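To keep things clear, I will list the structure first and then write my remarks on it.
For clarity, every value in this text was computed on a predicted model and none was experimentally measured. By convention in this document, chain letters (A, B, ...) are assigned in the order of the sequence lines, proteins followed by strands, and residues within each chain are numbered from 1.
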Protein chains: 2
Amino acid sequence: MDELNERKQNILYAVIKYYLETGEPVGSRTISKITDLNLSSATIRNEMSDLEDLGYVVSPHTSAGRVPTDKGYRFYVDKLMAEKDKEVSEVKEVMLNQTERVEKVFKQLVSYVANATQLPTMISAPSITKNRVKFIQLSYVDDKNVLLVVVMEGNVVRNRVVPKSSALDNEAMLRLNMLLNTHLNGLTLQEINLGLVSKIKDAAGEFTNIVEEVLNTIADTISEDDLEIYTSGATNIFKYPELSDSRRASAFLDNFEDKEDLADLINEVQIDSEKRGTGLQVYIGDEAPSKNLKDCSLVTATYDLGNGVKGTIGIIGPKRMDYENVMTNLSNLKSQLENTLKRSDDNEPI
Amino acid sequence: MDELNERKQNILYAVIKYYLETGEPVGSRTISKITDLNLSSATIRNEMSDLEDLGYVVSPHTSAGRVPTDKGYRFYVDKLMAEKDKEVSEVKEVMLNQTERVEKVFKQLVSYVANATQLPTMISAPSITKNRVKFIQLSYVDDKNVLLVVVMEGNVVRNRVVPKSSALDNEAMLRLNMLLNTHLNGLTLQEINLGLVSKIKDAAGEFTNIVEEVLNTIADTISEDDLEIYTSGATNIFKYPELSDSRRASAFLDNFEDKEDLADLINEVQIDSEKRGTGLQVYIGDEAPSKNLKDCSLVTATYDLGNGVKGTIGIIGPKRMDYENVMTNLSNLKSQLENTLKRSDDNEPI
DNA sequence: ATTAGCACTCCAAATGAATGAGTGCTAACA
DNA sequence: TGTTAGCACTCATTCATTTGGAGTGCTAAT
């Protein structure tokens, strides 16, 4: 903490701030000019040399300016940024229209964020494995199939057409619906264990095999795309020359296109967030829980709808991204999401 | 047609074939060596000069080899390719698992095709506006909402939580379900016109306003994401140096990420396909019905499930893509899709 | 403690020569 | 008449060289 005196902090701040804008190594003369410290370039040079020894900056080669290291960025995010720039950026209210399908809401949302930050953005819909079953319904579709609809808390709806092996008249269907609802309502997927399953099958009597099919389908349906990921703004990385050469860009976009990889990433971020008890997190370079983000930073906001139902918004960009802007945006979004989606749960009678 | 004698055609074929592989302008000496025409480079030079005059090839600068023009490609696709290479490439049976949700099937499919062709691929789920309503169901969710489920032909399911303004007991719900199903089953969205709507509202009696909400929602639900587009393999363009500089790549990926643009494109392709009565289409460069594909070719297969229900698979790549491989792949996919999805409709009793 | 001054380093952009692939043309040949 | 060998010419690419400038580190003066 005392490692850096005020002047060094000021200089480090100026270096990073300037570098964030330009992406070019910044030299002593520049700092001397842009700050109002009234120090000559020579003095700055001495200080910067110290900062380099302490590991906050490096110069890419002998006669270049200095570039922040991960440690430098970390210090900036943790200390400098918070202290200096507490000017509250205007909070834009995002239109969260809950009457739309969830899917569509998230599509709009992710594209809004990508646009606001001008960075590649991903967002995970709330993981529904921890979400509770609100309502289950089987209905007649045609002779060979029944339609299974499962409504989860937060009005997430999943449906599937299930082929039926045996005949099933209306009354039987009614009974099955009753059976399923009385046993499963209010439970999370994790709570639907083998014991319960066999109990339901017993109770189903002659319909034991159709119930089995239905239960399998429920498990499938709920878990199959647990962690649905939406992305947008991938091409924003081309705004940063340091990431746009074709090798790097291709590698990055490959990752960004692979929803499964992103889901893994988000999973780890959520675990992390739980551990640290923070909603907003910044991963600089190697800090990110993923292999291929060496040259990038990741900023995430994990929103929490209670009952362990969580989702994450993530932004990936160059290390020299505008952390402040990104962080205010995300934290803003996070609280709005929590408010809106929680409010929609207040409606429910359960 | 007589414009090109056999020898010229052979040479043009060799030029294009070679260029498809290398992406480099190809010179007379190369052609002289790789063909078994036993012609000296000088002769080839003369012929190539003629081909250039006729507009089938150009040389990018004075001392470079020749590169096919759009006209050259067109001739290749229409004439040369068909004649020469009718070796049937092995037809791989793609796993089309219809028990999965449609959504997931298409996701798998598009990624399969992208992988098989090593090109950016998009696919549109069958447009459901022309699809028929099979089954409608309202059910109780909680005090303030009802759940609306619409099953279309081909077992495409759409659902939505509809806020209800007035109380609605079980019996009323039953009556509404009857009413909606008797009036709407078997109709396409286009056939649900204003006259019909007011007729239903009349018949609904006291529930006229909830019926209105429901009907609006149906219209919305069906049309909102008409033409859902799935994409995959976007980063494959980086395999082609001529498209991987950051300006071009960025522009391309921007387009490819924008699902609305792609939907427009697919729409026009489908119209086109109808006009020409072909399922498989090749657009070379400017031929494509879109602004930003100047440097690319687009190959599409429009599958037709009957009753005007159509969808399109599209592949976008450099002009020098492997047309044969791509076209056999698509035509293969097309027929399998048609078979599988049609088969699933045979199940239905309507 | 700060600063001016200077030598030194190294990148980046500019210049220019060498290389080589390819063409067009002409003249010779079958 | 069609084909080919030969030659002069063009132009992109590559590589080494030069040059300019930005920046540093060090030293000596304030």
Side-chain angles (χ1 to χ4, degrees), chain A residues 4-12 14-19 21-69 72 241-242 244-245, chain B residues 2 4-12 14-19 21-69 72 241-242 244-246:
Chain A
L4 297 187
N5 62 30
E6 179 131 2
R7 194 168 73 178
K8 282 200 172 55
Q9 292 195 19
N10 281 329
I11 291 173
L12 179 56
V15 168
I16 296 184
K17 199 82 186 179
Y18 193 79
Y19 182 75
E21 282 170 33
T22 62
E24 301 285 312
V26 10
S28 53
R29 189 123 186 289
T30 314
I31 297 297
S32 156
K33 270 191 277 183
I34 64 169
T35 61
D36 45 7
L37 297 173
N38 281 318
L39 293 174
S40 77
S41 63
T43 312
I44 306 281
R45 261 199 300 283
N46 291 330
E47 294 289 43
M48 292 206 339
S49 175
D50 291 351
L51 285 172
E52 180 153 18
D53 291 341
L54 293 170
Y56 291 93
V57 293
V58 272
S59 66
H61 58 84
T62 326
S63 73
R66 301 309 210 290
V67 165
T69 60
E242 69 264 41
S244 357
D245 67 297
Chain B
D2 296 316
L4 297 187
N5 61 28
E6 178 132 1
R7 194 168 75 177
K8 283 201 173 52
Q9 291 195 19
N10 281 328
I11 292 173
L12 178 57
V15 168
I16 295 185
K17 199 79 187 182
Y18 194 79
Y19 182 75
E21 282 170 33
T22 64
E24 300 286 311
V26 10
S28 53
R29 188 121 186 291
T30 313
I31 296 296
S32 156
K33 270 191 277 181
I34 64 169
T35 62
D36 45 8
L37 297 171
N38 282 320
L39 293 174
S40 78
S41 63
T43 312
I44 306 281
R45 265 202 294 287
N46 291 330
E47 294 290 42
M48 293 205 340
S49 175
D50 292 352
L51 284 172
E52 179 152 18
D53 291 342
L54 294 169
Y56 292 93
V57 294
V58 272
S59 66
H61 58 83
T62 327
S63 74
R66 302 308 210 291
V67 165
T69 60
E242 68 265 40
S244 346
D245 67 296
S246 86

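Atoms CG and CG, from L51(A) and L4(A) in turn, are 6.0 Å apart once rounded to the nearest 0.5 Å.
Remark: P of dT2(C) and CG of N38(A) are 12 Å apart, rounded to the nearest angstrom. When the P atom of dG23(D) is taken as reference, atom CE of M48(A) falls 9 Å away, rounded to whole Å. In this structure, the CZ atom of R29(A) is 17 Å from the P atom of dG25(D), given to the nearest Å. Taking atom CG of residue D50(B) and atom P of nucleotide dC25(C), one finds them 12 Å apart after rounding to whole Å. Summarising the geometry, the separation between CD1 on I11(A) and P on dT24(D) is reported as 12 Å, rounded to the nearest angstrom.
A 4.5 Å side-chain heavy-atom check between L37(B) and N10(B) finds at least one atom pair inside the cut-off. Residues E52(A) and V58(A) have side chains in contact (heavy-atom distance under 4.5 Å, counting atoms from C-beta outward). For the pair V67(A)/P25(A), a side-chain contact is recorded, criterion being any heavy-atom separation below 4.5 Å from C-beta on. Counting heavy atoms from C-beta outward, T43(A) and R7(A) have side chains that approach closer than 4.5 Å.
Under 4.0 angstrom from either OP1 or OP2 of dT24(D) there lies no side-chain N or O belonging to S59(A). Contact between the side-chain N/O atoms of R66(A) and the OP1/OP2 oxygens of dT24(D) is found at a separation under 4.0 Å. Note on S63(B): every side-chain N or O is 4.0 Å or more away from OP1 and OP2 of dT10(D). Contact annotation: R45(B) does not reach the phosphate of dA21(C) (side-chain N/O to OP1 or OP2, under 4.0 Å).
Of the candidate nucleotides dT24(D), dT3(C), dG23(D), dT3(C) has the atom lying nearest to any side-chain atom of N46(A). Proximity note for A42(A) (side chain, C-beta onward) versus dT3(C), dG6(D), dC10(C): the nearest is dT3(C). The side chain of T30(A) lies closest to dG23(D) when the candidates are dT4(D), dG23(D), dC11(D). Checking dG6(D), dC26(D), dT3(C) against every side-chain atom of T43(A), the shortest atom distance belongs to dT3(C).
Residue-level contact check: T62(A) touches the backbone only, with heavy atoms under 4.0 Å from sugar-phosphate atoms and none from bases. The residue A64(A) sits close only to the backbone: its heavy atoms come under 4.0 Å of sugar-phosphate atoms, none of a base.
Of the residues near DNA chain D, H61(B) and E47(B), the one whose nearest nucleotide (by heavy atom distance) lies more toward the 5' end is E47(B).
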